[in-house]
Engineer: 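Quick one: this structure, given as structure tokens, is what I'll be asking you about.
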Amino acid sequence: AIAIAAWPVGATLGLAVLLFRNRRNLNPPLGKYYRRKKTFESEGGEDADAFLREQRRHGKAIGQLARLKIRNEDPTIKGLQFLFEDYEPRCYLFPIFELVRRLFLTSVLAVFYPGSMQQVVVGV
């Protein structure tokens with residue numbers, strides 16, 4: 001009985017710790033790229049000044065693209081890629097939220113007034 005409760009809690013906490021410990025690699029800082037004008041080059045070969053002009057226009061989106069490029073090239077987190085590859089770098093902890101939501105919908109919901117209308121209301 002203890003293992004039934006320990007597995008969902010332990011797995012969730014383990015994944016949370018793993019993602020939190022690698023947060024700098026999952027959502028890399030961009031300060032040095034902006035200060036030195038050393039940014040990634042797009043496939044069209046834009047120079048750093050043109051990139052900075054576009055960055056002012058589309059700041060957050062370009063920042064996220066730069067973070068994605070840095071994150072995808074980082075060999076230290078390749079083993080964790082299945083956890084975060086569908087999410088933006090700033091949402092690196094979202095898989096934990098999703099795991100807790102699924103656990104709630106499948107496990108915890110079974111103990112709320114079994115067979116009643118209240119159980120359906122809590123599930124919605």
Side-chain angles (χ1 to χ4, degrees):
I2 294 174
I4 291 173
W7 168 248
V9 173
T12 305
L13 287 176
L15 287 175
V17 167
L18 193 61
L19 291 173
F20 187 74
R21 284 181 145 185
N22 290 294
R23 67 186 178 275
R24 296 274 185 230
N25 297 343
L26 296 172
N27 188 22
L30 295 176
K32 65 181 179 180
Y33 293 96
Y34 290 147
R35 280 194 300 269
R36 295 182 192 164
K37 293 186 178 183
K38 287 189 176 182
T39 57
F40 70 93
E41 292 183 6
S42 70
E43 290 158 11
E46 288 182 77
D47 62 348
D49 292 330
F51 178 83
L52 288 175
R53 280 193 301 276
E54 288 298 312
Q55 188 252 338
R56 284 186 208 104
R57 277 183 62 205
H58 307 287
K60 286 186 180 182
I62 291 180
Q64 289 299 320
L65 287 174
R67 283 186 172 95
L68 278 172
K69 180 161 178 62
I70 295 167
R71 184 176 79 177
N72 290 339
E73 293 174 352
D74 190 351
T76 60
I77 55 174
K78 287 291 184 193
L80 302 174
Q81 194 167 9
F82 71 97
L83 290 171
F84 60 81
E85 67 186 345
D86 294 332
Y87 306 110
E88 293 179 8
R90 64 187 173 92
C91 301
Y92 66 92
L93 286 177
F94 191 75
I96 302 304
F97 168 77
E98 188 66 21
L99 184 59
V100 170
R101 184 186 69 85
R102 289 178 184 178
L103 282 171
F104 179 77
L105 288 175
T106 58
S107 305
V108 178
L109 196 56
V111 298
F112 282 101
Y113 308 107
S116 70
M117 190 57 132
Q118 291 147 337
Q119 185 181 31
V120 173
V121 170
V122 170
V124 174

Engineer: Between atom CD1 of Ile70 and atom CG of Leu26, what is the distance when rounded to the nearest 0.5 Å?
Structural biologist: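 Rounded to the nearest 0.5 Å, the CD1-CG separation comes to 12.5 Å.
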Engineer: Using a cut-off of 6.0 Å, state whether more than 12 heavy atoms not belonging to Phe20 lie near its atom CZ.
Structural biologist: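 At most 12 heavy atoms, drawn from other residues, nucleotides or ligands, come within 6.0 Å of this atom.
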Engineer: Do Tyr87 and Phe97 share a hydrophobic cluster, counting only Ile, Leu, Val, Met, Phe, Trp and Tyr and linking them when any side-chain heavy atoms are less than 4.5 Å apart?
Structural biologist: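 Yes: a chain of side-chain contacts under 4.5 Å links Tyr87 to Phe97.
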Engineer: Is the closest side-chain heavy-atom distance between Arg67 and Leu30 below 4.5 Å?
Structural biologist: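 Yes, their side chains come closer than 4.5 Å.
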Engineer: Out of curiosity, does Leu93 fall in the hydrophobic cluster containing Val17 (side-chain heavy atoms, cut-off under 4.5 Å, transitive links)?
Structural biologist: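 Result: no, two separate clusters.
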Engineer: Only counting residues at least two apart or in another chain, list the ones meeting side chain to side chain donor-acceptor pair (under 3.5 Å) with Arg90.
Structural biologist: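 Checked Arg90 against side chain to side chain donor-acceptor pair (under 3.5 Å); matches are Glu88.
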Engineer: Per the salt bridge (charged side-chain N to carboxylate O under 4.0 Å, His left out) rule, what does the pair list look like for residues 98-122, sequence neighbours excluded?
Structural biologist: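 Matches after skipping sequence neighbours: Glu98-Arg101, Glu98-Arg102.
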Engineer: Would you indicate whether the side-chain heavy atoms of Pro89 and Leu68 approach each other to under 4.5 Å?
Structural biologist: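 The answer is yes, as the side chains (C-beta and beyond) meet within the 4.5 Å cut-off.
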Engineer: Strictly by side chain to side chain donor-acceptor pair (under 3.5 Å), give each pair with a member in residues 12-23 just once, sequence neighbours left out.
Structural biologist: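 The answer is none; no pair qualifies.
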Engineer: For residues Leu19 and Tyr92, report the shortest heavy-atom separation together with the two atoms involved.
Structural biologist: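 What the structure gives for the nearest pair is CD1-O, 3.6 Å.
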Engineer: Name the atoms and distances for all side-chain donor-acceptor pairs under 3.5 Å in residues 77-85, with sequence neighbours left out.
Structural biologist:
from: Lys78; atom 1: NZ; to: Asn72; atom 2: O; distance (Å): 2.6

Engineer: Any chance you could measure Leu103, atom CG, to Trp7, atom CH2, to the nearest 0.5 Å?
Structural biologist: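 Those atoms lie 10.5 Å apart.
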Engineer: Restricting to side chain to side chain donor-acceptor pair (under 3.5 Å), what partner residues turn up for Thr106, sequence neighbours left out?
Structural biologist: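 Thr106: no side chain to side chain donor-acceptor pair (under 3.5 Å) contacts found.
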Engineer: What pairs of residues pass the salt bridge (charged side-chain N to carboxylate O under 4.0 Å, His left out) test when at least one of them lies in residues 107-124, not counting sequence neighbours?
Structural biologist: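 As it turns out, there is no salt bridge (charged side-chain N to carboxylate O under 4.0 Å, His left out) pair with a partner in residues 107-124 once direct neighbours are skipped.
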